[in-house]
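Within every chain, numbering begins at 1; the chains are lettered A, B, ... in the order of the sequence lines, protein sequences first and strands thereafter.
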Protein chains: 2
Amino acid sequence: MQKVVVEIEKAAHVLKLLGDKTRLTIMAILKKRECCVCELLEVFDMSQPAISQHLRKLKDAGLVKEDRRGQWIYYSLNLENELYDFIQEILQHIPDQTENIRKIEETNPTLRCGC
Amino acid sequence: MQKVVVEIEKAAHVLKLLGDKTRLTIMAILKKRECCVCELLEVFDMSQPAISQHLRKLKDAGLVKEDRRGQWIYYSLNLENELYDFIQEILQHIPDQTENIRKIEETNPTLRCGC
DNA sequence: GATTTATATAAGTATATTGTTATATGCTTA
DNA sequence: TAAGCATATAACAATATACTTATATAAATC
C-alpha cells in the first residue's frame, strides 16, 4: 500500500475519533457493510442517541457518509476522504466483525416491515 | 509489512493515546531519536510537567520505555510492545520530524554541561 | 552535605467527552 | 391528516483529559 503522509493535526484528529471502542467498531463494521442506526443498535449496549452522536462525529470528520433511503439513513465509509488510505490501513489491524454483522443480520431490523 | 490483528480494546487505547497532537509528535520524534524531557521541551510550547505527564501515559501503555543515564531519563519507542507493528504503520504516515529534531539539536540541552 | 539540574508527582482547574432522557424532525402508511 | 417508526437534536450529568503551579525526588557537582 502506498505511503501517504498526512498533516499531523488531521492525523491526530482521526486517531482520536478511532480511539474510542464504539466508533472503532462502527468503522470496522462499515468497512464490511453499510448500516443504519437501528442495525448498529443490535451490536452495542447503548441508547440510540448515543450511536447517532458517534456517527455524527464520524460524519463531521468526513470518515463516513450518509445516504437516506426512505425512513432509513444508511451510513458507509466515505471513500472520498483525504485520509481514506490511512484509515484503511488502521482498520486492517482491527479484528473481523463477522460476529457483529451476524448479530445485525440475525435480527435484521430493517426487514421488519418487509423492505 | 505483515498484517497483525490487534484486540479491539487495545487498539482503541493506543489510537486514543496517539490521537493527541503532542503525543503523536513525541512518538514521531522518538521514532527517529531517543530524547529526554528537556529536549522535548524545546519542541513544545508547554510546561515540563505537561511533557512528563504525556510521557507517563505513553510509558504506562508500553509505547515508550525509559532509560536513566545519570541526571537524564532517555525515552525511546518500546520495540517490545505487542502492538509495535501497528504503531509503526501509523507513524509511517506522520510527517517527518526533521525540523523538530533540528530544534532539539540546535539548542542541545543535554550538552550544556558537556556530557 | 548544600546547591543545582532534570524529572516526577500532587493538587487544582477548565474544558472535552460520552453517556443519559426528553423531545423534535422526517418519512411512510393507514 | 393522524399514527408510527427511524433518526436527530437538545439539555444535562458524570467522568476524563490536558493543562497549570507548587513541591518532591534523584543524580551531579561544588
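- For B/Leu40 and C/dT7, the CG to P distance is 9 Å, given to the nearest whole Å.
- Between B/Ala11 and A/Leu24, the shortest heavy-atom distance links the atoms CB-CD2, 4.0 Å.
- Between the CG atom of A/Asp45 and the P atom of C/dG19 there is a distance of 11 Å, given to the nearest Å.
- Residues passing the side chain to side chain donor-acceptor pair (under 3.5 Å) test with B/Glu80, sequence neighbours excluded: none.
- At least one donor-acceptor pair closer than 3.5 Å links the side chain of B/Glu39 to the backbone N or O of B/Cys36.
- For B/Glu82, the CD atom counts as loosely surrounded, since its 6.0 Å shell holds 12 or fewer non-hydrogen atoms of other residues, nucleotides or ligands.
- For the pair A/Leu41 CG and D/dA8 P, the computed distance is 11 Å after rounding to whole Å.
- Here A/Leu15 contributes atom CG and A/Ile90 contributes atom CD1; the two are 5.0 Å apart, rounded to the nearest 0.5 Å.
- Applying side-chain hydrogen bond (donor to acceptor under 3.5 Å, both in side chains) to B/Glu99 and the options B/Arg102, B/Lys103, B/Gln97 leaves one that passes, B/Arg102.
- Within 6.0 Å of NZ on A/Lys21 lie no more than 12 heavy atoms contributed by other residues, nucleotides or ligands.
- Less than 4.0 Å separates DNA chain C from at least one heavy atom of each of the following residues of residues 46-62 of chain B: B/Gln48, B/Pro49, B/Ser52, B/Gln53, B/Arg56.
- Here the C1' atom of nucleotide D/dA6 and the CD atom of A/Glu42 are 13 Å apart, to the nearest Å.
- Nearest nucleotide to the B/Glu66 side chain, out of C/dA8, C/dA6, D/dT7: C/dA8.
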So which protein N/O to nucleotides 25-27 of chain C N/O distances come out below 3.5 Å?
none

Using distance only, find each side-chain donor-acceptor pair of residues 60-68 of chain B under 3.5 Å and give its atom names and separation, not counting sequence neighbours.
unit_1	atom_1	unit_2	atom_2	d
B/Asp60	OD1	B/Arg56	NH1	3.0
B/Asp60	OD2	B/Arg56	NH1	2.9
B/Lys65	NZ	B/Ser76	OG	3.4
B/Glu66	OE1	B/Tyr75	OH	3.1
B/Asp67	OD2	B/Arg69	NE	3.0
B/Asp67	OD2	B/Arg69	NH2	3.2
B/Arg68	NE	B/Gly70	O	3.1

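- Note that CG of B/Leu41 is 5.5 Å distant from CD1 of B/Ile51, once rounded to the nearest 0.5 Å.
- Scanning residues 7-30 of chain B for heavy-atom distances under 4.0 Å to DNA chain D yields B/Lys16, B/Asp20, B/Thr22, B/Arg23.
- Contacts of B/Val43 classified as side-chain contact (heavy atoms from CB on, under 4.5 Å), with partners at least two apart in sequence or in another chain: B/Ile29, B/Asn100, B/Ile104.
- Rounded to an integer number of Å, the gap from B/Asp67 CG to C/dA8 C1' is 17 Å.
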